[in-house]
Every structure is written in C-alpha cells, then in structure tokens.
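Below, read A as the first sequence line, B as the second, and so on, with proteins coming before strands; counting in each chain starts at 1.
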2 protein chains.
Amino acid sequence: MTSATAAWVGDGYDPECPTRVLLDRVGDKWTVLVIGVLADGPMRFTALRDRVGGVSGKVLTATLRALARDGLVTRTAYPTIPPRVDYELTDLGRSLQGPLDVIRDWSEQHIAAVIAHRDKFDDGASE
Amino acid sequence: MTSATAAWVGDGYDPECPTRVLLDRVGDKWTVLVIGVLADGPMRFTALRDRVGGVSGKVLTATLRALARDGLVTRTAYPTIPPRVDYELTDLGRSLQGPLDVIRDWSEQHIAAVIAHRDKFDDGASE
DNA sequence: CAGTATCCGGTTAGATACTG
DNA sequence: CAGTATCTAACCGGATACTG
C-alpha cells in the first residue's frame, strides 16, 4: 500500500467484506442489547424478551436465529410441555464483548460532542 | 450492579443510548467506507464517490451530511465555478478510527468461523 | 412457552433526470 | 461539479392472531 488508506477499505462496497458482515449483524436494532443481556448467562426466550424490553416476539426470534446462524449463541430446546428453550453466548459470541466494549467506551466519551454538533447543525438549518 | 450485565444494557431499547447513536451512524451501508477513504486526507465529492465505488450521488450526499451533522467530517465549499467541495475528517472523526480498527480486527480474525457456522446452519435448514 | 403467519407503515437505497 | 427532485423496490421492525 502506498497510501495511508485503512486496510479495510477495498474497492467499492463488498457485502462479503468481514467488517461489513459484522456491522450488518451488530448494526441492527436489538442484537447488541441481546448480547449484553446474554452476557449474564443462559436465558430462556421469555426472560430474554422481558430483560431486553420492548422487543416483539417475532423480531427477537429473528435476532436470535441470526445470532445462532452465525455461531454467536447456542439454542437449546428441551422437548418438554410447555417447551423450554435456552439461549447462551458461545465463546465466539463472548469474544465479541471486547470490541463492543470499545464501541461503548468511545460512545460514552464522545457522544456529548456528537450531540452538540448535531444540535448546532440543526439550528443552522432552520434559520 | 449486582449482576455481570454489561453496563450498556439499560432498560429496553433507548434511541438515545450512546452506543445506539454510534451504531445507527456507523451501521449503515456506506459510512464506514467513507470514513476509511477520508482517512487518507481531504477529498472532493466526485473523488470520494469514485474511491468509495458503487455509491450513488444522492446516498453519498446523505451519508456525508449525516457525518458533518455529527461533527465527524467538515464540509468546505469553495464559491468557484464549477463548485468545489472538500470533505475532511475532524479530530472527532479520526478518533473513531481506533474503535473501527478493533471491529475490523475482530472481523478478520473470526469471520471465517462465522461463515462456517452460517453454512452449516443453512445446510441443516434445507434438509 | 416459544414460537409462526400475516399484514402493515416507515425507512433505506438505487435509478434517473434536472440545476446553479 | 456538486448536488436536488422524484419515483420505486426492498427491507426492517411492529401489531395482531394463531398453534404445537
């Protein structure tokens, strides 16, 4: 590389770029919250829904399925009546905690500046 | 806190949660790519569009406006004919490089495992 | 209990045409 | 050159009703 271009900038948009794959998973509305709640340990579907708060069953199911598909959580169904399903972070899922903590740290340190810019920008636009 | 629940897990979905604000900005289709390209230095609109590749003018404009609104890039318009507009990362924008690098590193190290799980999962579903 | 099926409104992004 | 305006298709998330 002759320039300082970050290594993760390829030629154009690439849906298979590793960074994109991760952002597509983690950038949606509930995934990060679900991972955060599961950091406490295994949890059943309804408990998870209550802890996350505000998520519909359909969307939580989709979120968990996507997470399971990617090997970030395990889904364990017990063939009892009524059914019981436990979700748990895998080692891979737990390894995501570090990067997410970095994101959280940056956000908490700089979000005030972001909001301040945002307010000033919106002010200027309405004049 | 009595549990190990990550500090960034509040009660339910909160659009003003700092982590959410950041993910909402950075999780879209082009933002990370644009920041990556701008890491090289200031760049004009068309050059940026060419370097990013595949983005329409309308969407790039929206992406840059959002970035400028949040104080992550500056927009400098020269009142010449034809017009010339430079975009440049701010210090705040550059400070995001670290977190994005962490994301990239995790992605590059673990994406193969994610894809492997994904393939196995999809296999199982089609049987 | 842990989902699935269906419908719906809002947002996102792409294509195209036009302008100061 | 650097946008804006308009239209459209696709997707995401929410609400509700239903089921093994």
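Across all strands shown, D:dG20 forms a Watson-Crick or G-U wobble pair with C:dC1, both key distances being under 3.5 Å.
With respect to A:Leu89, the side-chain contact (heavy atoms from CB on, under 4.5 Å) criterion is satisfied by exactly one of A:Leu72, A:Leu96, A:Val37, A:Ile35: A:Ile35. No option in A:Arg118, A:His110, A:His117 other than A:Arg118 meets the side chain to side chain donor-acceptor pair (under 3.5 Å) test with B:Asp70.
Within 4.0 Å (heavy atoms only), A:Arg75 reaches sugar-phosphate atoms of the nucleic acid but no base atom.
The interatomic distance linking B:Arg49 (CZ) with C:dG14 (C1') rounds to 14 Å, in whole Å. Distance B:Trp30 CH2 to C:dA13 P: 9 Å, rounded to the nearest Å. Look at CZ on B:Phe45: it is 18 Å from P on C:dT19, rounded to the nearest Å. For the pair B:Asp28 CG and C:dT11 C1', the computed distance is 12 Å after rounding to whole Å.
For A:Arg44, a side-chain nitrogen or oxygen approaches OP1 or OP2 of C:dA2 to under 4.0 Å. Applying the 4.0 Å criterion to OP1 and OP2 of C:dG3, one finds that A:Arg84 has every side-chain N and O outside that range. The side chain of B:Arg65 places an N or O atom within less than 4.0 Å of a non-bridging phosphate oxygen (OP1 or OP2) of D:dT4. Proximity of A:Tyr13 to the phosphate of C:dG14: no side-chain N or O atom is located under 4.0 Å from OP1 or OP2. Proximity of A:Thr46 to the phosphate of C:dA2: a side-chain N or O atom is located under 4.0 Å from OP1 or OP2. Within the structure, every side-chain polar atom (N or O) of B:Lys58 is placed at least 4.0 Å from both OP1 and OP2 of D:dC7.
For B:Pro83, whose side chain is taken as the heavy atoms from C-beta onward, the closest listed nucleotide among D:dC1, C:dG3, C:dA13 is D:dC1. When distances are taken from the side chain of A:Val85 to each of D:dT4, C:dA13, C:dA2, the shortest belongs to C:dA2. Distance from the side chain of B:Lys29 is smallest to C:dA13 among C:dA13, D:dG14, D:dT4.
Taking all atoms of both residues into account, the shortest heavy-atom contact from A:Leu38 to A:Tyr87 is CD2-O, 3.5 Å. Of all heavy-atom pairs between A:Ile103 and B:Pro99, the closest is CD1-CB, 4.2 Å.
With the nearest nucleotide of DNA chain C identified for both B:Gly54 and A:Tyr87, A:Tyr87 has the one nearer the 5' end. Residue A:Val55 is the one, among A:Pro82 and A:Val55, whose nearest nucleotide of DNA chain D lies closer to the 5' end (criterion: closest heavy atom).
Ion pair B:Arg20/B:Asp14 not flagged as a salt bridge, since none of the NZ, NE, NH1 or NH2 atoms sits closer than 4.0 Å to an Asp/Glu carboxylate oxygen.
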